[in-house]
Each structure stands twice: as C-alpha cells, then as structure tokens.
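Structure, as structure tokens:
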Amino acid sequence: MEAGGVADSLLSGACVLFTLIMYSTGLSDLRHMRMTRSVDSVQFLPFLTTDVNNLSWLSYGALKGDGTLIFVNATGAVLQTLYISVYLHYCPRKRPMLLQTATLLGVLVLGFGYFWLLVPSPEARLQQLGLFCSTFTISMYLSPLADLAKVIQTKSTQRLSFSLTIATLLTSASWTLYGFQLRDPYIMVPNLPGILTSFIRLWLFWKYSQGQDRNYPLLQT
C-alpha cells in the first residue's frame with residue numbers, strides 16, 4: 001500500500017475511533033438511568049439532536065458513497081436511538097419528549113422528501129444535503145455557548161464534562177482533516193466550531209479548576 005493510502009486509512013480510522021468514543025460517553029447516562037430507574041440529571045435533547053444529525057450525515061454519506069461516513073453515522077444513530085428509548089422508558093412525563101421527537105423527525109422526513117423528490121440532479125442534491133448537514137452540525141456545536149456563559153458567571157465547571165471535551169476536540173480535529181483531505185467543505189467547515197468550543201472549554205477548566213476531587217459527568221452539554 002502506498003504511503004498516501006496508509007495515511008488515508010489512518011485518518012479514516014481516527015475519525016471512526018474518536019467519534020465512537022464520543023458517542024459512547026452516553027453509556028454512563030444509560031447506566032445511570034437503569035440503576036436509578038429515573039432520568040434525573042440526564043438531558044434528553046442532546047440525544048435527539050445527535051440522532052437527527054447522524055441520520056442526516058448517513059444520507060449524505062450514502063449519496064456520496066463514503067464508507068467512513070456511513071459506518072460512523074449508522075452506528076451513532078443506533079446508539080442514540082437506544083439512549084432515547086431508555087430515556088423514554090424511565091421518563092415520567094413522556095409527552096413533551098415525544099412531541100420534540102415527532103417534531104424533529106417530521107422536519108427530517110420533509111427534508112429528505114425535498115432532497116430526494118424535488119431535487120433531480122444528484123450533484124445539486126449532494127450540495128444541498130451537505131449544506132443542511134453542515135448547518136445543523138454547526139448549530140449543535142454552538143448550542144452549548146449558553147452553558148459556557150453560565151460557567152463564567154458561576155466560576156464553576158461542574159456543568160461541563162472534561163472527557164467529552166477531549167473526545168469532541170479529537171473528533172472535530174480528525175473530521176476537519178478528513179474533510180480537508182477530501183476537499184469537502186461540508187465535512188471540514190462544520191467541525192471547526194467543535195475545535196474552537198473545545199479549546200474554550202479546556203481554558204475554562206484551567207481557569208476555574210476546583211482540585212482533584214471533581215467527578216465529571218460524561219454526557220452533558
């Protein structure tokens with residue numbers, strides 16, 4: 001195998017590894033819900049938006065014929081769906097969660113219907129779907145900025161997860177390089193905010209360090 005092929009395989013492998021590690025942080029919440037038979041301190045919306053994001057990128061990967069995108073996002077969609085199912089099982093008030101799920105899935109179905117039925121050109125479909133996926137991913141990376149503002153106000157990083165911050169940084173960096181390698185701005189650009197927000201979180205951990213006895217929750221945004 002040529003050197004370029006080895007580098008490509010290593011980069012693809014890094015994307016898969018770091019992304020699956022990031023997704024697997026939700027297993028701690030899964031274990032917490034099963035042990036306590038409750039959803040206390042567990043947030044539902046990150047599971048749902050990540051699932052929608054996975055399904056969107058899965059469609060983009062399928063249309064592009066990218067095996068790395070297909071594998072990562074298919075696995076991520078399965079994991080997020082599992083987290084959602086367990087959350088709904090233990091949640092005492094299911095109606096608001098089911099309404100959020102139905103709303104986002106409805107938007108997703110309408111979007112897919114538009115891309116696959118009303119955009120006849122495969123090239124135009126790929127570009128528009130890539131733009132949709134990029135915009136959604138950027139909004140996900142920027143959504144925790146309100147939490148970062150609260151960290152600054154309270155001078156406490158208890159609401160942040162150090163392990164998730166590191167996983168997000170490595171995942172965003174690997175996908176940025178992967179998109180650069182493919183010359184695909186729809187993959188490269190939306191991961192840049194993930195790198196930026198991860199560095200901001202690391203700076204906050206350094207600035208408001210509370211010692212060695214902190215227990216980090218594994219999946220909080």
Side-chain angles (χ1 to χ4, degrees), residues 15-63 66-116 129 132-144 146-147 159-168 170-172 175 190-191 194 215-221:
C15 291
V16 172
L17 176 63
F18 294 141
T19 307
L20 294 186
I21 289 175
M22 185 176 69
Y23 290 154
S24 66
T25 57
L27 292 174
S28 65
D29 281 332
L30 182 66
R31 183 168 56 251
H32 171 78
M33 289 186 287
R34 294 190 62 185
M35 291 179 61
T36 63
R37 304 185 69 82
S38 72
V39 295
D40 294 341
S41 74
V42 178
Q43 300 179 39
F44 177 74
L45 196 57
F47 294 149
L48 181 58
T49 54
T50 303
D51 201 3
V52 172
N53 194 54
N54 287 147
L55 292 173
S56 301
W57 281 109
L58 177 59
S59 299
Y60 181 80
L63 189 60
D66 189 306
T68 302
L69 281 173
I70 293 173
F71 177 78
V72 165
N73 288 286
T75 306
V78 171
L79 284 174
Q80 301 305 322
T81 301
L82 174 63
Y83 301 153
I84 289 171
S85 300
V86 174
Y87 189 102
L88 291 175
H89 178 71
Y90 292 115
C91 180
R93 297 179 63 250
K94 295 180 173 56
R95 185 173 180 180
M97 311 308 166
L98 289 173
L99 182 61
Q100 291 178 12
T101 303
T103 300
L104 274 181
L105 288 180
V107 171
L108 192 64
V109 170
L110 288 175
F112 285 171
Y114 168 76
F115 290 127
W116 292 100
L129 183 57
F132 171 82
C133 292
S134 299
T135 303
F136 196 86
T137 300
I138 290 173
S139 67
M140 284 183 58
Y141 277 133
L142 296 182
S143 61
D147 280 345
R159 66 175 55 245
L160 299 181
S161 165
F162 185 78
S163 57
L164 183 58
T165 298
I166 296 298
T168 301
L170 294 174
T171 300
S172 301
W175 281 110
N191 284 285
N215 293 320
Y216 294 115
L218 286 182
L219 184 62
Q220 292 190 9
T221 56

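Keep in mind that the numbers below use all heavy atoms, side chains included, and drop hydrogens, waters and symmetry copies.
In the displayed structure, Phe71 atom CZ is contacted under 6.0 Å by at most 12 heavy atoms of other residues, nucleotides or ligands.
Annotation: the span from Ile138 atom CD1 to Asn191 atom CG amounts to 9.0 Å, rounded to 0.5 Å. Rounded to the nearest 0.5 angstrom, Thr75 OG1 and Gln80 CD are separated by 11.0 Å. Going from atom CZ of Phe112 over to atom OG of Ser59 covers 3.0 Å, rounded to the nearest 0.5 Å. Taken to the nearest 0.5 Å, the CD1 atom of Ile21 stands 8.0 Å off from the CG atom of Leu170. With rounding to the nearest 0.5 angstrom, the OG1 atom of Thr101 is 5.5 Å from the CG atom of Leu88. Atoms CG and CG, on Leu55 and Leu105 in that order, are 7.5 Å from each other to the nearest 0.5 Å.
Side-chain contact between Leu58 and Leu69 is absent, with no heavy atoms from C-beta onward closer than 4.5 Å. In this structure, the side chains of Leu30 and Leu27 come closer than 4.5 Å at one or more pairs of heavy atoms. Contact check for Val39 versus Phe44: no side-chain heavy atoms found under the 4.5 Å cut-off. The shortest side-chain heavy-atom distance between Asn73 and Tyr23 falls under the 4.5 Å cut-off. At least one side-chain heavy atom of Cys133 sits less than 4.5 Å from a side-chain heavy atom of Leu129. Put simply, the side chain of Val72 reaches to within 4.5 Å of the side chain of Trp175, judged on heavy atoms. The shortest distance between side-chain heavy atoms of Pro190 and Trp57 falls below 4.5 Å. With contacts defined as side-chain heavy-atom distances shorter than 4.5 Å, the pair Ser139/Thr135 does not qualify.
Closest approach of His89 to Lys94, counting heavy atoms only: O-NZ, 3.7 Å. Ser56 approaches Leu108 most closely through the heavy-atom pair OG-CD1, 3.3 Å. Nearest approach of Thr19 to Cys15, heavy atoms of both residues: OG1-O, 2.5 Å. The two residues Ala167 and Thr171 make their nearest non-hydrogen contact at O-OG1, 2.7 Å. Across Thr49 and Met140, no two heavy atoms sit closer than the pair O-SD, 3.7 Å.
Residues Ser172 and Tyr141 bring a donor and an acceptor atom of their side chains to less than 3.5 Å of each other. Thr137 and Asn53 share a side-chain donor-acceptor pair at under 3.5 Å.
Classification of the Tyr87-Phe47 ring pair by plane angle, with boundaries at 30° and 60°, yields perpendicular.
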